[in-house]
Amino acid sequence: MSDLREILRKQRAAKRLTQDQAGAAINVSGSLIAAFECGRLVPQPDTAERLDAFFGTGDEIRRTAETAREDAQAPWLRPWTDNEKRAVLLRTFEPNLIPGLLQTEAYSRAVLRGTRLPDEAVERTTQVRKDRQAATVDRVDPPMLTAVLGEAALHCGPPDVLKEQLDHLVDVGHRPRVQIRVVPRSAGLHGGLSGAFVLATLPGGVRAGYLDDQLRGRVVTDVDDLHGLELAWDIVSGLALPVDQSRDLIVKAVEEHD
């Protein structure tokens, strides 16, 4: 929604119009223009089209307004991958595996084959993970991704596959919008060992969570449940080593496979 606010303010300022004058030009009130510019309301499609016509912005305002309306919907109205693509911040915790958005193809296949899936399902799911990576961490304007993983994840897997995967972690960890941190074994028992989870922050501050179990994943939107996941995040984040020390631990694990 912030993009929409910026577009409207910029276009009105370029024409040197007050909110009342801009409203009159498209037959709405100045107070409605003010509501659009402060983010309280989003233009309906016909109003957005009139704004585009008046400002000469093609269909930019209409498209941006459509996105803003989608972002204002409850997260459960969209599949998790859509939340993932729209997120401005992703926080993921995995106690025993490399998080899916950071997996290499070979590592993904090794993990999936360990679940005894048919080869066709393994390839299909591996492609889905590649598509998710392309839509998030590998895109031009990626969300901020903070991944916390247990040290056990650095030592589980076929040696050749694991070495390539750990090399990839080191490489991707140098990207400006990726942080990888490791909870050392010395942390002992902690709440994060109950299972993996992801927290997504969407435009406008809307949050959603994701949990995997033995059968299927589920999106979490209940406020109390989200508070529980935030608490779990605080626990694992507090136990994790800083980024530089985590990278050193990963590099050490890589060297064990040389």
Side-chain angles (χ1 to χ4, degrees), residues 1-92 101 131-146 177 197-211 217-230 233:
M1 197 178 297
S2 59
D3 288 343
L4 179 61
R5 295 195 295 259
E6 183 180 348
I7 291 168
L8 293 174
R9 290 169 183 162
K10 180 180 178 180
Q11 292 299 325
R12 184 170 60 81
K15 285 184 174 287
R16 298 183 179 179
L17 298 175
T18 66
Q19 291 173 334
D20 286 335
Q21 289 170 330
I26 64 165
N27 298 316
V28 301
S29 66
S31 61
L32 188 58
I33 297 295
F36 295 156
E37 290 187 357
C38 73
R40 286 193 296 108
L41 294 175
V42 177
Q44 292 299 311
D46 58 338
T47 305
E49 288 175 5
R50 294 202 302 275
L51 285 165
D52 272 325
F54 176 65
F55 288 127
T57 48
D59 65 351
E60 182 182 20
I61 293 174
R62 181 190 60 77
R63 288 186 293 102
T64 308
E66 181 179 349
T67 299
R69 280 193 298 275
E70 291 174 354
D71 289 337
Q73 294 176 355
W76 55 264
L77 294 176
R78 297 187 296 269
W80 174 253
T81 53
D82 198 15
N83 286 324
E84 209 171 47
K85 286 186 288 187
R86 294 183 179 278
V88 295
L89 170 65
L90 288 166
R91 292 173 289 169
T92 179
L101 293 180
D131 292 343
R132 287 171 54 208
Q133 291 169 3
T136 53
V137 293
D138 291 337
R139 74 185 192 215
V140 175
D141 58 338
M144 185 69 198
L145 171 67
T146 297
R177 297 189 65 78
F197 62 90
V198 186
L199 283 163
T201 302
L202 306 177
V206 178
R207 294 174 304 149
Y210 184 78
L211 296 171
R218 65 185 178 97
V219 178
V220 176
T221 58
D222 178 81
V223 173
D224 290 337
D225 289 343
L226 286 170
H227 284 167
L229 290 181
E230 292 280 1
W233 178 261

Using a strict 4.0 Å threshold on nitrogen-to-oxygen distance, state whether E37 and K10 make a salt bridge. no

For T64 and D3, test the side chains for any donor-to-acceptor distance below 3.5 angstrom and give the result as yes or no. no

Tell me the closest heavy-atom pair linking P43 and A65, and the distance in Å. O-CB, 3.9 Å

Between D222 and D225 (side chain of the first, backbone of the second, donor and acceptor by atom type, cut-off under 3.5 Å), is there such a pair? yes

Does some side-chain heavy atom of R50 sit less than 4.5 Å from a side-chain heavy atom of V28? yes

Please determine whether side chain to side chain contact (heavy atoms under 4.5 Å, CB included) holds for the pair V88 and L202, giving the CA-CA distance in whole Å, both sets of side-chain angles, and the decisive distance to 0.1 Å. CA-CA 6 Å; V88 295; L202 306 177; over 6 Å; no

Between T136 (side chain) and R132 (backbone), is there a donor-acceptor pair under 3.5 Å? yes

Just wondering, do L226 and V220 contact through their side chains at under 4.5 Å, heavy atoms? yes

Min side-chain heavy-atom separation E84-L90 under 4.5 Å: yes

Begin with the C-alpha distance, continue with both residues' side-chain angles, and end with the deciding distance and a verdict on side chain to side chain contact (heavy atoms under 4.5 Å, CB included) for T221 and R207. CA-CA 7 Å; T221 58; R207 294 174 304 149; over 6 Å; no

Step by step, would you call V42 with L4 a side chain to side chain contact (heavy atoms under 4.5 Å, CB included)? CA-CA 8 Å; V42 177; L4 179 61; 4.1 Å; yes

Is the backbone N or O of P142 less than 3.5 Å from a side-chain atom of R177, with the two atoms forming a donor-acceptor pair by type? yes

Closer than 3.5 angstrom, by distance alone: can the side chain of N83 be matched with the main-chain N or O of A208 as a donor-acceptor pair? no

Under 4.5 Å between any side-chain heavy atoms of L145 and R91, yes or no? no

Crowded around R63 CZ? As in, over 12 foreign heavy atoms under 6.0 Å? yes

When rounded to the nearest 0.5 angstrom, what is the spacing between CD1 in I26 and CG in D46? 9.0 Å

R139 bridged to D141 by N-O distance under 4.0 Å: yes

Working to the nearest 0.5 Å, report the span between CG of L199 and OH of Y210. 13.5 Å

So, T57 side chain and E60 main chain: donor-acceptor pair closer than 3.5 Å or not? no

Could you check whether the rings of W233 and F197 sit parallel, tilted or perpendicular, using 30° and 60° as the cut-offs? perpendicular

Side chain proximity check, L229 to L211, heavy atoms < 4.5 angstrom: yes

Between W80 and G209, which heavy-atom pair has the shortest distance, and what is it? CZ3-O, 3.6 Å

State the CD1-SG distance between I33 and C38, to the nearest 0.5 angstrom. 11.5 Å

Between F55 and I7, is the side chain to side chain contact (heavy atoms under 4.5 Å, CB included) condition met? List the steps. CA-CA 10 Å; F55 288 127; I7 291 168; over 6 Å; no

I need the single residue from K15, Q11, R12, E49 that forms a side-chain contact (heavy atoms from CB on, under 4.5 Å) with F54. Which is it? K15

